[in-house]
Amino acid sequence: MSKMEAKTSLLDNMIGVGDMVLLEPLTEESFINNLKNRFEHGEIYTYIGSVVISLNPYKPLPIYTADKVEEYRNRNFYELSPHIYALADEAYRSLRDQDKDQCILITGESGAGKTEASKLVMSYVAAVCGKGQEVNKVKEQLLQSNPVLEAFGNAKTVRNDNSSRFGKYMDIEFDFKGDPLGGVISNYLLEKSRVVKQPRGERNFHIFYQLLSGASEDTLKTLKLDRDLGKYNYLSLDSASVNGLDDAANFRTVRNAMQIVGFMEDEVQSVLQLVAAILKLGNIEFKPESRVNGFDESRVKDKNDLKEMCELMGIEQAALERAFSFRTVEARTDKVSTTLNVAQAYYARDALAKNLYSRLFSWLVARINESIKAQFKARKKVMGVLDIYGFEIFEDNSFEQFIINYCNEKLQQIFIELTLKEEQEEYVREGIEWTNIEYFNNAIICDLIENNQSGILAMLDEECLRPGTVTDETFLDKLNTICAEHQHFESRLSKNSKFLTDHSLPHSCFRIQHYAGKVLYRVEGFVDKNNDLLYRDLSQAMYKANHSLMKLLFPEGNPIKVNLKRPPTAGFQFRASVGTLMKNLLTKNPNYIRCIKPNDKKASHIFTDSLVCHQVRYLGLMENVRVRRAGYAFRQAYEPCLERYKMLCKQTWPHWRGPAREGVEVLLNDLQIPQEEFSYGRSKIFIRNPRTLFTLEEKRARCLEDLATLIQKIYRGWKQRTLFLLMKRSQIVVAAWYRRYAQQKKYQQIKSSTIVVQSFIRGWKARMILRELKYQKRCKEAVTTIAAYWHGTQARRELRRLKEEARRKHAVAVIWAYWLGLKVRREYRKFFRANAGKKIYKFTIQRIMQKYFLELKKTMPSMSPIDKSWPPRQYLFLEGTHTELRRIFHLWRCKKYREQFTEQKKAIYEEKLEASEIFKDKKALYPSSVGQPFRGDYLEIKMNPKYQKLNTLVDEKVIIADVVNKINRANGKGAARIFLLTKSSLMLADLKTGQLKASVPLADVSGVSVSSQTDGFFALRLKEGSASAAKGDFLLSSERLIEIITKLHRTKAGCEDREQINVDILDEFLVQFKQHKVCVKFLQGGPKNGNSVTCKRKNNRLLEVSVPSP
Ligand SMILES: Nc1ncnc2c1ncn2[C@@H]1O[C@H](COP(=O)(O)OP(=O)(O)O)[C@@H](O)[C@H]1O
Ligand SMILES: [Mg+2]
């Protein structure tokens, strides 16, 4: 809880007083006025300590919103203005946090708002407790049980359009976290007489009307019902429709709620069938039928409704019909059947209807309980909500009112027990001096009613069970005798003659002084209602029904379980259940909601003082306040008290360091409150007089104003100061920044100006220097120039002088030379004439020679030996020299030419030279051979594998290897032969085989003969007498004759003997053929021979060779 929240209180913004304990002066009038004042301002809740008084506003108020729920959630009870939520929150939190089971007791008369209050409490708890899928389902089921129970248990009465006609107590179970687990509903005494009869202006239970107006046509058809309400005897017609109540819509709500709670569809149908059956039952009418014995016997008048009802329930029609006509009384041993007259038949019918309905209702509660019961067996915390009918005083009060008022009497007991006693115990607990306050304890009235021996209920039971004639009158007599002495019992016929003359007390009545007022009860019907008799024949007929729910509702109809014991009476049952309820409530922490009805007209703005006054009285509210104030009107724990009032004293304001109690003591002493006005408890301060509290409150309010002003002042001061400081800081920052900026600007300006000035000065200085330098340079240049010019001038002068001098010298020399020349010429003229001719000639010759050689040098021919050109001679006298020079030059260039030859080339040229020496101008074949190179070895014998054999024979270098024709000496025809020449010999071999034919040592060759013509014939002449010569000379022919002969010649010359071979060039020569010589004659051939050489043997001695002419 924050400090701020602590400041709000019940005492703030209060209309009247929120807590009646603080009422001053405390009178009934001021009490009512306070309620009225608050009621008129829409404040329907007022506290008496922790009890909530609730006035029915009869209009929707905007104080039940989700926001309100949040507002009251987790707040202390007195913190906010009075509200039912504050109570619900307190209860829920002490359940959750302090593990205390709670009960919420809602009392008040019919229409005071009890049921609404219980719903508000439940919805608040549902809103603040845990969330989650499972939890929400439980919540929903708990909340949805309400519409179902209201449909079946509520009805419109004159006091309340939605009056609960049963007492309801619901235990909501929570786990340790405060999440709801489930619930248990207990119901008390349904006003079942309403099923068959309703007072004027009232209705039957809602469900009948809802079913008829809300069910679909189909449903109605299957239930054999008609929508017309007027057709049913049990429904009162004068108030069939209620303002603001939509039966059809509510029917849908109820069906939906039943589904949510967990009713099966067939269960819903069964329930509706029973409701329909009750309506049908009401329509069954009887007529008398005279019997022989003179008694009237009842008969069903119109069997249609009976039939339909039996069809609906699966009941045997005859059995039911019989049950309406006869009654079987079973004694211990025998059965006696008596007939029923019409009145008895109607009684039986109504009894059946009432029982059927009340049992159905109890079954519904049980069925709902089954659905909403907690699933887990865990330890539970319980919050019980009791919404029970309030105290009722009618003009005509019967058994029901008696029972109801007894119940309220018991509740008052609890209230006294728990509240007043608790109050007093608190003083003891707190150690406050306390003298017991007297208050009216209604235990005596409870005793009057419930005492086991002499109590009214006990006597009623006794009367019901007594054999013999029992009537309501005998019961009253009994009361008159036994209770006559009781202070709270009044009866005209009692022994006590006190009331003998009291005409307000009829003879058939008795009166009880309840704690809430006197109530007159008419004894009529007490016995019957207590007996709650249902003829066994009827219950048996019901049990036989072919309808499972119906069977279930009438277990006593089971013939096997015939129980002759009477069932417990209604009074006994009620007493027992109230007893259990009370026990149950006593174990719990009670929370009270006292509901008050402001007017009788269900109007939202009427506050009827007398009516309220009456309720205030019988609810004992004044006593409640008095007890609370008897000792001390107000109490509060020290801490919150100090927190609330500490501003009233300097020592405690703003902080008290020390125990709160001492703080409060200091505070109260400082305020000079009289000692007797307060007491210090152990944990609380108790204030006796409300006025004291109000004084405190007033002072507090004033002080708060001052404080507010102070706080305001300080706050404003602080705020302004803060603002100022902020502004100051900001200003400094701004100024600093601005200054910085300005200085920067200025600096930059100065800097740039400086740079400008600097640059100007530097420029100026530089220019000065430049100028100086330039000046110096110019000076230097000028000096140089001047010097140069000066030097130039000087040099020129010198030059001129030197030139002049030279010229002079030259002139002198020339003149001298001329002079000398003249002198010499004069002197040597005579010598000149004698020698000059010779000398000039010599000189001229020399000159010409010089010219000639220089000229020759320029026109020299080429270095080629064959170049025949030679420059012409210019001077005749040099003819000899010229020719000689030509010859020398030629020799020289030939020598040069030769010098560049290799040995090989030299040999070739030597060979060629030799050939020319031998054949030039001698043989016509020669010129054609000049261009041919002499290759020698044409056949390349060494390389050719064909001549391998031949090669082996030749062990020297082959000089010539060529193919020649060997001329047959017999016919002149040629045969091809290989001609081989080596250094030492020459050989002839077969061309094809390489077979050597002839080998002749060179030494044996003496000469060669050839013609002068173009043919290739040659004869090898052998030395006479040599071994080779035996066969004679060889006559051969070859195109390469020149080469062969030349080589032969050279080889022979190179031999050891150095014999020259003779080459004879003759057109006619002799060849030695064996013994004789043959002449070979060469002729210039005629044209008939063509171009070829032919050779013919003319005769023994002549061989003619014709050679084509060139
Ligand atoms: N807190 C409330 N706010 C608005 N209307 C209320 C309130 N309490 C009761 N009423 C009205 O009063 C009628 C009767 O209240 P109800 O709780 O049924 O009375 P009770 O149960 O005491 O007989 C309700 O139908 C409703 O119209
Ligand atoms: Mg009610």
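Numbering of ligands and ligand atoms starts at 1, following listing order. We number each residue from 1, following the sequence as shown.
- For a heavy-atom separation below 4.0 Å, the residues in contact with ligand 1 are Asn56, Pro57, Tyr58, Lys59, Tyr64, Glu109, Ser110, Gly111, Ala112, Gly113, Lys114, Thr115, Glu116, Asn160, Asn162.
- Protein atoms that are N, O or S and lie under 2.8 Å from the Mg ion (ligand 2) are these: Thr115 OG1, Ser164 OG.
- Each of His488, Glu409, Gln412 was scored for a side chain to side chain donor-acceptor pair (under 3.5 Å) with His514, with one residue passing: Glu409.
- When Asp19, Leu35, Val51 are each tested for a side-chain contact (heavy atoms from CB on, under 4.5 Å) with Thr46, only one passes: Leu35.
- With ring centers used as reference points, Phe399 lies 6.0 Å or more from Phe574.
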Go through it in stages, so that I can follow the logic: the residues are Thr608 and Asn599, the test is side chain to side chain donor-acceptor pair (under 3.5 Å), and I'd like the CA-CA distance, side-chain angles, deciding distance and then a yes or no. CA-CA 5 Å; Thr608 315; Asn599 61 68; 5.5 Å; no

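- Ion pair Asp171/Lys380 not flagged as a salt bridge, since none of the NZ, NE, NH1 or NH2 atoms sits closer than 4.0 Å to an Asp/Glu carboxylate oxygen.
- Glu140 and Lys137 are not joined by a salt bridge, as no carboxylate oxygen comes within less than 4.0 angstrom of a charged side-chain nitrogen.
- The one candidate from Val125, Asn136, Ile372, Val135 that meets the side-chain contact (heavy atoms from CB on, under 4.5 Å) condition with Pro180 is Val135.
- If you check the side chains of His206 and Glu150, you find no donor sitting under 3.5 Å from an acceptor.
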Take Ser398 and Lys529 through the test side chain to side chain donor-acceptor pair (under 3.5 Å) and record every step on the way to the result. CA-CA 9 Å; Ser398 180; Lys529 283 175 181 167; 3.1 Å; yes

